[in-house]
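The structure appears right after this line, and notes come after that.
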There are 2 protein chains.
Amino acid sequence: MLLQAANAVRGTVPATIRPAGSSSLLLTENQQWIGGPPPLMDKLTPRERELVLKQGRRKVLNRGQTLFSQGGKHDGIWLIESGRIRVFYISPLGREITLAYWHVGNFVGGPEVFEGTVHQWSGVASSNCSVVHLPGKELRVLAAEIPNLAIGLIEGLTFKGKCYSALAQMLGTRSISQRLAHLLLHLVELYGVKDSDGTVIAAAFTHADIAHMVGATRQWVTISLKRMQEKGIVVTKRSQIVVCQTETLEEMRGQAAD
Amino acid sequence: MLLQAANAVRGTVPATIRPAGSSSLLLTENQQWIGGPPPLMDKLTPRERELVLKQGRRKVLNRGQTLFSQGGKHDGIWLIESGRIRVFYISPLGREITLAYWHVGNFVGGPEVFEGTVHQWSGVASSNCSVVHLPGKELRVLAAEIPNLAIGLIEGLTFKGKCYSALAQMLGTRSISQRLAHLLLHLVELYGVKDSDGTVIAAAFTHADIAHMVGATRQWVTISLKRMQEKGIVVTKRSQIVVCQTETLEEMRGQAAD
DNA sequence: TCGCCGCTGTCGATTAGTTGCCGGGAAAAT
DNA sequence: ATTTTCCCGGCAACTAATCGACAGCGGCGA
């Protein structure tokens with residue numbers, strides 16, 4: 001199952017489609033967040049930044065490699081320099097939910113940032129990655145010394161809190177179909193490329209990937225997509241999805257505005 | 001619906017049952033969190049504490065009063081001094097999910113702590129409350145001046161992050177029945193009083209309240225409780241729940257340990 | 001003491017979503 | 001070039017959960 005997850009994004013997304021640092025959040029009600037998270041170290045002086053990075057250790061991951069695992073001992077955070085990391089959770093009975101695919105500019109390893117107890121989530125590289133590890137103890141000392149780093153951490157945590165909240169709210173109050181409609185619209189925003197008969201989602205997610213994102217079974221995703229195809233809302237061709245009627249999807253999503 | 005929510009906890013819980021500051025978290029996998037959140041101002045010197053509280057404004061709420069509403073403008077956080085505050089979210093179509101009932105020692109108003117954009121959740125007093133408001137702007141200045149306050153905020157946000165994560169994970173990977181079993185066990189921990197034929201949950205939650213906590217409909221809760229009663233797992237008598245077979249509930253919850 | 005309101009309990013109809021299975025086909029590995 | 005892997009697609013049976021509605025009960029306030 002982990003290996004499967006690792007293959008999450010197989011298609012190559014043209015770099016031009018989205019600016020670096022853009023949001024990775026999959027199920028959120030508020031479009032304004034798509035601007036992405038507040039950069040952790042933007043407010044630091046060059047000297048302070050150097051001081052922080054000196055404590056960090058660069059690490060390179062190949063697609064499929066695990067960065068951290070739920071239940072594993074927690075120590076600090078990782079800043080993403082390049083690549084994409086999928087953060088997800090697997091229940092004791094094997095059901096799986098994906099929180100997000102995080103890109104450059106985000107940090108992962110939360111919700112704790114210092115020496116914590118154990119990881120709440122797992123993180124796996126879904127493409128080749130480069131990350132910088134900031135160990136918890138050192139980070140705590142630095143945060144006490146550099147006020148702007150502490151503020152940056154608070155803002156980062158705040159952003160994460162919004163992500164977790166958004167996911168919980170979607171899962172708690174929307175049906176799976178609504179979540180699927182929501183996700184498709186979001187993927188159109190992130191990876192959409194205009195086409196003669198609609199918008200192509202230029203990233204190949206398998207039905208299983210999608211199922212994990214919306215919290216459903218693979219089969220249900222297949223069935224739902226088929227029904228959407230019958231209604232002419234989308235056209236699918238083996239993990240290639242073309243969205244034809246965004247308005248209908250917006251209706252199905254079932255919410256007032258955005 | 002808000003009024004209904006306000007009546008959430010009608011029974012009076014003897015003060016002896018749980019120590020002040022104990023956790024309010026409703027759906028969490030990890031028992032160790034029941035110790036509660038890290039106190040926001042524990043690490044401060046008396047002088048620093050005074051400095052912070054000088055910026056605060058005490059506010060008293062009656063049962064049913066709204067402290068903040070989702071979508072409303074955000075400004076800072078509230079420390080709970082006494083009483084209980086229910087934090088929840090209502091979707092555009094009216095479905096509702098409760099995050100938690102927060103007690104003394106916690107702060108509410110997150111996930112943002114400074115001047116934010118808008119509230120992600122709503123907060124309503126479910127019993128008479130006293131809170132201290134810390135406005136965002138002042139809090140930001142204080143956090144930059146007092147390192148230990150910043151660390152306290154980071155730890156507080158970390159704790160909240162765990163709560164949101166736990167809720168999302170439960171909602172994303174457990175069936176409603178599993179969540180209900182989970183909740184009942186948790187309520188036994190929080191409000192349980194030993195009895196001749198089991199453990200009485202000494203807090204009167206209506207079926208609707210419970211439904212909001214697990215993300216289900218009122219009827220489904222009624223049906224599920226009835227089935228549990230038929231199997232002898234619980235005995236219900238009009239919003240009074242007695243849990244007889246905790247082991248069976250633990251099985252139903254469907255997870256490996258604790 | 002009466003009347004009202006909110007909560008429980010229940011029913012029937014319906015849909016949404018799961019589980020398990022299998023076969024074919026594309027892509028990747030050897 | 002061949003094997004292996006894994007992904008889609010579909011099916012059948014089933015259960016979990018929703019929706020709307022309504023009657024009765026109990027508590028509370030007038």
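Each chain gets a letter, A, B and so on, in the order the sequences are listed, and its residues count up from 1.
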Do side-chain atoms of A:N128 reach the backbone of A:R63 as a donor and acceptor pair under 3.5 angstrom? yes

Given atom CD of B:Q178 and atom P of D:dT15, what is their separation to the nearest angstrom? 16 Å

Could you tell me the separation between the OG atom of A:S122 and the OH atom of A:Y89, rounded to the nearest 0.5 Å? 10.0 Å

Is the backbone of B:N62 close enough, under 3.5 Å, to the side chain of B:Q65 for a donor and an acceptor to pair up by distance? yes

Nearest-0.5 Å distance that lies between atom NE2 in A:H103 and atom CG in A:L190: 6.5 Å

Both A:R227 and B:T236 contact DNA chain C. Taking the nearest nucleotide for each, which residue is further toward the 5' end? B:T236

In whole angstrom, what separates B:L180's CG from D:dA16's P? 13 Å

Collect all protein-nucleotide pairs involving nucleotides 23-25 of chain D in which both atoms are nitrogen or oxygen and the distance is under 3.5 Å.
none

Rounded distance (nearest 0.5 Å) linking atom OH of A:Y191 with atom CZ of A:F205: 4.5 Å

For B:I176 and C:dG17, what is the distance between atoms CD1 and P respectively, to the nearest whole Å? 11 Å

Respond yes when some side-chain nitrogen or oxygen of A:S177 is under 4.0 Å from OP1 or OP2 of C:dA16, and no when none is. no

Could you check how far NZ of A:K237 sits from C1' of C:dA27, rounded to whole Å? 15 Å

Calculate the interatomic distance between B:L171 atom CG and D:dA16 atom C1'; express it in whole Å. 16 Å

Which residues within residues 217-224 of chain A lie with some heavy atom under 4.0 Å of an atom in DNA chain D? A:R218, A:Q219

Kindly say whether B:P111 contributes a backbone atom to a donor-acceptor pair with the side chain of B:Q120 at under 3.5 angstrom? no

Closest listed nucleotide, where the reference is the side chain of B:S175 and the choices are D:dT18, D:dG9, D:dA17: D:dA17

State, to the nearest 10°, the angle formed by the axis through the first five base pairs of the helix from C:dT1-D:dA30 to C:dT30-D:dA1 and the axis through its last five. 50°

Do the side chains of A:E251 and A:K231 get close enough for a salt bridge, i.e. N-O under 4.0 angstrom? no

So, taking the atom named CZ in A:R218 and the one named CD1 in A:I210, what distance separates them when rounded to the nearest 0.5 Å? 11.5 Å

Between B:R174 and A:S91, do the side chains contain a donor N or O and an acceptor N or O under 3.5 Å apart? no

Here the distance between atom C1' of D:dC7 and atom NE2 of A:H212, to the nearest Å, is 13 Å

So how far is it from A:C163 SG to A:N106 CG, rounded to the nearest 0.5 Å? 8.0 Å

Here the distance between atom C1' of C:dA16 and atom CZ of B:R95, to the nearest Å, is 12 Å

Find the distance B:Q240:CD to C:dG9:P and express it as a whole number of Å. 12 Å

Face-on cation placement of A:K160 at A:F107 ring, 6.0 Å and 45° thresholds: yes

